[in-house]
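Structure first, then comments.
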Amino acid sequence: MRTISFNEIKNGVVKGIYDACHILNDFTINHLKKAYINEENVLSKNILNQILENADLAKKESIPMCQDTGIVTCFVEVGYDVKIDCNLYDAINAGVKEAYDKYYLRKSVADAISRKNTSDNTPAIVHTKFIDGDSLKIKIAPKGAGSENMSRLAMLNPTIGINGIKKFIIDAVINADGRPCPPIIVGVGIGGNFETSALMAKEALLREERSKDEAISNLEKELIKEINELNIGPMGLGGKTTCLEVFIDTCPCHIASLPIAVNIQCHANRHVEVIL
């Protein structure tokens with residue numbers, strides 16, 4: 001059985017936050033480059049080029065790609081053969097505090113009622129599950145409010161069918177318009193209950209490949225096509241590139257309910273995986 005220490009976790013989180021905020025992942029870069037090639041609107045093409053230039057400068061100059069460096073969400077997978085010799089949550093929050101101080105990242109976390117800033121961007125939001133193996137995996141996603149505020153969740157009537165599901169998702173994108181800084185990635189959670197649908201939608205944003213379920217994969221592709229026909233475009237100024245990807249996760253739900261959640265991510269699609 002492997003033992004993982006406080007400092008290993010803390011240091012992994014520090015590096016992960018740095019990478020997420022300064023280095024846009026290849027998955028998103030490649031999608032933006034493809035969108036740039038396919039975009040026909042001159043203004044939109046110019047905006048996509050500026051987004052790519054911004055990502056390149058952020059990496060080269062070690063500058064955050066967006067001034068809103070978000071609230072940190074972590075999806076943690078703990079191997080059954082791992083022993084953690086500390087409080088996991090304390091170690092993660094120590095990493096968040098150090099990263100936001102060390103790299104001069106904007107501290108955006110405040111008490112929900114008093115609105116007093118916590119001054120170190122903690123606490124992080126941590127979701128934990130156990131897996132086989134002897135590794136500790138931490139998926140880190142610093143997410144800004146511009147996209148997060150466009151989230152939508154509803155307990156729908158199961159009789160609405162697939163067309164009703166599509167309408168709810170597309171209406172969420174229409175309501176968001178240019179506010180989440182498109183081109184966007186859309187995470188969707190369908191099923192479970194109130195809270196699991198939201199959690200699935202958030203975690204779906206971390207995926208980088210189409211669903212293995214053929215019916216869900218086809219739905220993802222249909223939604224991308226229909227969303228990109230809305231003419232919202234990059235930064236909401238028109239064009240054929242509103243959405244880079246739609247990722248849908250599902251799970252069984254009660255026969256009398258249909259929970260569905262939509263979580264939108266901006267073009268600064270910040271997420272990394274740290275494996276210890």
Side-chain angles (χ1 to χ4, degrees), residues 27-48 51 143 146-192 197-198 200-251 253 257-269 271:
F27 168 81
T28 308
I29 290 288
N30 292 335
H31 274 65
L32 288 166
K33 287 180 177 178
K34 183 179 178 181
Y36 173 78
I37 292 169
N38 294 332
E39 183 58 67
E40 297 171 355
N41 181 300
V42 175
L43 175 59
S44 299
K45 201 174 185 74
N46 184 49
I47 292 170
L48 289 168
I51 290 171
K143 194 161 186 289
S147 58
E148 187 72 357
N149 288 351
M150 298 299 104
S151 304
R152 292 292 179 269
L153 189 154
M155 306 298 292
L156 301 179
N157 189 313
T159 62
I160 66 167
I162 196 68
N163 288 332
I165 290 172
K166 287 173 66 175
K167 183 179 186 303
F168 180 83
I169 297 166
I170 292 170
D171 283 351
V173 175
I174 291 172
N175 176 72
D177 198 50
R179 285 174 287 181
C181 298
I184 58 175
I185 294 172
V186 181
V188 181
I190 305 172
S197 61
M200 285 191 295
K202 176 61 67 63
E203 193 165 13
L205 292 174
L206 306 183
R207 281 173 39 197
E208 295 189 352
E209 58 184 24
R210 189 78 53 236
S211 173
K212 294 178 181 178
D213 183 295
E214 184 177 1
I216 299 300
S217 175
N218 289 335
L219 179 58
E220 289 171 340
K221 288 183 280 190
E222 289 173 17
L223 283 163
I224 292 169
K225 181 177 182 295
E226 293 184 33
I227 290 170
N228 281 329
E229 290 173 351
L230 296 173
N231 195 39
I232 294 172
M235 304 306 289
L237 296 174
K240 61 191 292 186
T241 315
T242 298
C243 176
L244 299 177
E245 283 287 0
V246 174
F247 291 126
I248 300 172
D249 284 344
T250 68
C251 69
C253 59
S257 67
L258 179 60
I260 179 168
V262 175
N263 197 239
I264 292 174
Q265 177 63 288
C266 64
H267 65 260
N269 181 30
H271 62 82

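What you see is a predicted model, and the numbers here were worked out from it, not measured in a lab.
To the nearest 0.5 Å, atoms CG (Asn263) and OG (Ser151) are separated by 4.0 Å. Interatomic distance, SG of Cys266 versus CG of Leu205, reported as 10.0 Å (0.5 Å rounding). Distance check: His267 NE2 to Leu32 CG gives 7.5 Å after rounding to the nearest 0.5 Å. Taken from OG1 in Thr242 to CG in Asn231, the straight-line distance is 7.0 Å, to the nearest 0.5 Å. Distance check, rounded to the nearest 0.5 Å: CG of Leu43 to CG of Leu237 gives 5.5 Å. In this structure, Lys221 NZ and Glu245 CD are separated by 10.5 Å, a value rounded to the nearest 0.5 Å.
Residues Cys243 and Val173 fail the side-chain proximity criterion, which asks for heavy atoms closer than 4.5 Å. The closest side-chain heavy-atom distance from Phe27 to Ile185 is below 4.5 Å. For the pair Ile165/Ile260, a side-chain contact is recorded, criterion being any heavy-atom separation below 4.5 Å from C-beta on. Between Glu226 and Ile170, the closest side-chain pair of non-hydrogen atoms falls below 4.5 Å. At a threshold of 4.5 Å between non-hydrogen side-chain atoms, the residues Arg152 and Asp171 do not count as touching. Annotation: side chain of Ile248 is in contact with side chain of Leu223 (closest heavy-atom distance under 4.5 Å).
By the 4.0 Å N-to-carboxylate-O rule, Asp249 lies close enough to Arg207 to be salt-bridged with it. Taking the charged nitrogens against the carboxylate oxygens, Glu148 and Lys202 do have a contact shorter than 4.0 Å, which makes a salt bridge.
The two atoms that bring Pro182 and Gly233 nearest to each other are CG-O, 3.4 Å, heavy atoms only. Across all non-hydrogen atoms, the minimal contact from Gly239 to Ser44 is CA-OG, 3.6 Å. In this structure, Leu244 and His31 approach most closely via the heavy-atom pair O-CD2, 3.5 Å. Taking both residues in full, the closest heavy atoms of Ser257 and Met155 are given as CB-CE, 4.2 Å, listed atom of the first, atom of the second, then distance. Minimum heavy-atom separation, Met150 to Ala176: SD-CA, 3.5 Å. The heavy-atom pair separating Met235 from Ile47 by the smallest distance is CG-CG2, 3.5 Å.
A donor-acceptor pair is defined here as one N or O able to donate and one able to accept, closer than 3.5 Å; such a pair exists between the side chain of Ser211 and the backbone of Asp213. With hydrogens and angles ignored, the 3.5 Å screen pairs no side-chain donor or acceptor of Glu39 with any backbone N or O of Leu48. The backbone N or O of Glu214 lies less than 3.5 Å from a partner atom in the side chain of Asn218, making a donor-acceptor pair. Side chain of Arg179 to backbone of Gly236: no donor-acceptor contact under 3.5 angstrom is found. In this structure a side-chain-to-backbone donor-acceptor pair under 3.5 Å is missing from Ser197 to Gly192.
With no hydrogens or angles considered, a side-chain donor-acceptor pair links Thr159 and Asn157 at under 3.5 Å.
For the salt bridge (charged side-chain N to carboxylate O under 4.0 Å, His left out) with Glu220, the qualifying choice from Lys212, Arg210, Lys166 is Arg210, the only one to do so.
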